[in-house]
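Notes to accompany the following structure.
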Amino acid sequence: MSSSLKIIAIDGPAASGKSTLGLNLARALGYLFFDTGVMYRAITWLAIHHGLDLNDAEALTKLAETVEIDIRPASQEDGRTSDIISEGLDLTWEIRRPEVDANVSQVSAYPGVRNALTQQQRRIGLRGEIVMVGRDIGTVVLPEAPLKIYLDASAPERARRRFQEIVERGETANYAEILEKIKKRDQIDSSRDVAPLRAASDAVVIQSDSCNAKQVFDHVLVLIEKMQTQHSRASTKSNDDC
Ligand code: CDP
């Protein structure tokens, strides 16, 4: 990577494959993988767990400003990529529950919640050698990242991938419901006032409907190699197929 910062920012809508790509890149490069979505999910789960009113922006902001969310190396081989711990509880799978899916976009739209979490994410990101995944990494959290990927796919394709993920975990899933929820989350994430979901002006946009995870990964590796040989940012906005 050309910049000494060595930061890869990956943004995109729900279930577009950001985490899979990010994790594979981090492993290949020996970087830290940081999925910022787990922080918004953990706040949402804790708020529900404590019986907070999810319309109370002040209470949720206070929770985000005070609670500690620990992301540690995976302690179990049950498909997790890391342990998500808070208040002494292992929330790794709790934060994937349907009630969190249904409410996380509302919680993450509050400016106070975003402010508290964004500051922590930026502090960690600036240490470098990191692949950070979310909705606003290239636009707000780490705009200086030398490589920004915006990974997209159509809603039906993303719903299909999420459906498969759930079934592979041995749980039951309903495709139509998943599609509807993904569309709703996209709509809230894209239309919020603070840090809405969008590609940074200098992001490489990858439309991944017809690509599998390996093809997307290989494509980004080529981009990284090009950047390394040209000693430049993967600057100009481009729309890439894989
Ligand atoms: O994995 P999936 O794409 O379903 O979602 P996620 O990355 O775990 O993020 C869950 C939710 O957190 C998103 O729908 C956003 O509302 C919010 N989020 C955000 O606002 N900013 C981020 N940097 C990451 C997640």
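Note that ligands are numbered from 1 as they come in the structure, with each ligand's atoms numbered from 1 the same way.
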Exercise for the section: Classify the contact between Arg185 and ligand 1 as side chain, backbone, both or neither, using a heavy-atom distance cut-off of under 4.0 Å. Expected result: side chain
Fill in the blank from the handout: Asp136 heavy atoms within 4.0 Å reach ligand 1 at atoms 21 (N), 22 (C), 23 (N)
Handout entry: Min N/O separation Ala15 to ligand 1 under 3.5 Å
Key = yes
Exercise for the section: Find the distance between CD1 (Ile124) and CD1 (Ile71) and round it off to the nearest 0.5 Å. Expected result: 6.5 Å
Handout entry: Closest protein heavy atom (residue, atom, distance) for atom 16 (O) of ligand 1
Key = Asp189 OD1, 2.6 Å
Fill in the blank from the handout: The protein heavy atom nearest to atom 24 (C) of ligand 1 is Thr36 OG1, 3.5 Å
Handout entry: Salt-bridge contact Asp101-Arg96 (side-chain N to carboxylate O under 4.0 Å)
Key = no
Completion exercise
Rounded to the nearest 0.5 Å, the OG1 atom of Thr139 sits from the CG atom of Leu197 at a distance of 8.5 Å
Practice task
Tell me which one of Arg162, Gln121, Lys184, Met39 gets a heavy atom nearest to atom 1 (O) of ligand 1.
Solution key: Arg162
Problem - Arg192 to ligand 1, any heavy atom closer than 4.0 Å - result: yes
Practice task
I would like to know whether Thr81 and Asp35 meet side-chain contact (heavy atoms from CB on, under 4.5 Å); could you show each step before the answer?
Solution key: CA-CA 10 Å; Thr81 53; Asp35 177 0; over 6 Å; no
Practice task
Please list all pairs passing the side chain to side chain donor-acceptor pair (under 3.5 Å) test where one or both residues lie in residues 56-65, with sequence neighbours left out.
Solution key: none
Exercise for the section: Using a strict cut-off of less than 4.0 Å between a Lys/Arg side-chain nitrogen and an Asp/Glu carboxylate oxygen, indicate whether Arg162 and Glu177 qualify as a salt bridge. Expected result: no
Handout entry: Nearest-contact summary for atom 7 (O) of ligand 1 - protein heavy atom, Å
Key = Arg135 NH1, 3.1 Å
Practice task
Provide, to 0.1 Å, the distance between atom 8 (O) of ligand 1 and the closest protein heavy atom, together with that atom's residue and name.
Solution key: Arg41 NE, 2.6 Å
Handout entry: Straight-line distance of Gln121 CD to Asp136 CG, nearest 0.5 Å
Key = 6.5 Å
Handout entry: Carboxylate-amine/guanidinium contact Lys183 Glu180, below 4.0 Å
Key = no
Practice task
Heavy-atom contacts with Ala14 under 4.0 Å: which atoms of ligand 1 show up? List them by number with element.
Solution key: 3 (O), 4 (O)
Problem - atom 17 (C) of ligand 1 - nearest protein heavy atom and its distance - result: Ser108 OG, 3.5 Å
Handout entry: Protein contact of atom 21 (N) of ligand 1 - nearest heavy atom, named by residue and atom, plus distance
Key = Arg114 NH2, 3.0 Å
Exercise for the section: Tell me which part of Ala195 gets within contact of ligand 1: side chain, backbone, both or neither, using heavy atoms under 4.0 Å. Expected result: neither
Practice task
Just jot down the ligand 1 atoms closer than 4.0 angstrom to any heavy atom of Ser105, in number order.
Solution key: 14 (O), 16 (O)
Exercise for the section: Answer yes or no: is there a donor N or O on one side and an acceptor on the other, between the side chain of Lys18 and the main chain of Ile10, under 3.5 Å? Expected result: no
Exercise for the section: With heavy atoms of Lys18 as the reference, note each atom of ligand 1 found under 4.0 Å away. Expected result: 3 (O)
Problem - side-chain hydrogen bond (donor to acceptor under 3.5 Å, both in side chains) assessment of Asn103 paired with Thr44 - result: CA-CA 7 Å; Asn103 292 294; Thr44 305; over 6 Å; no
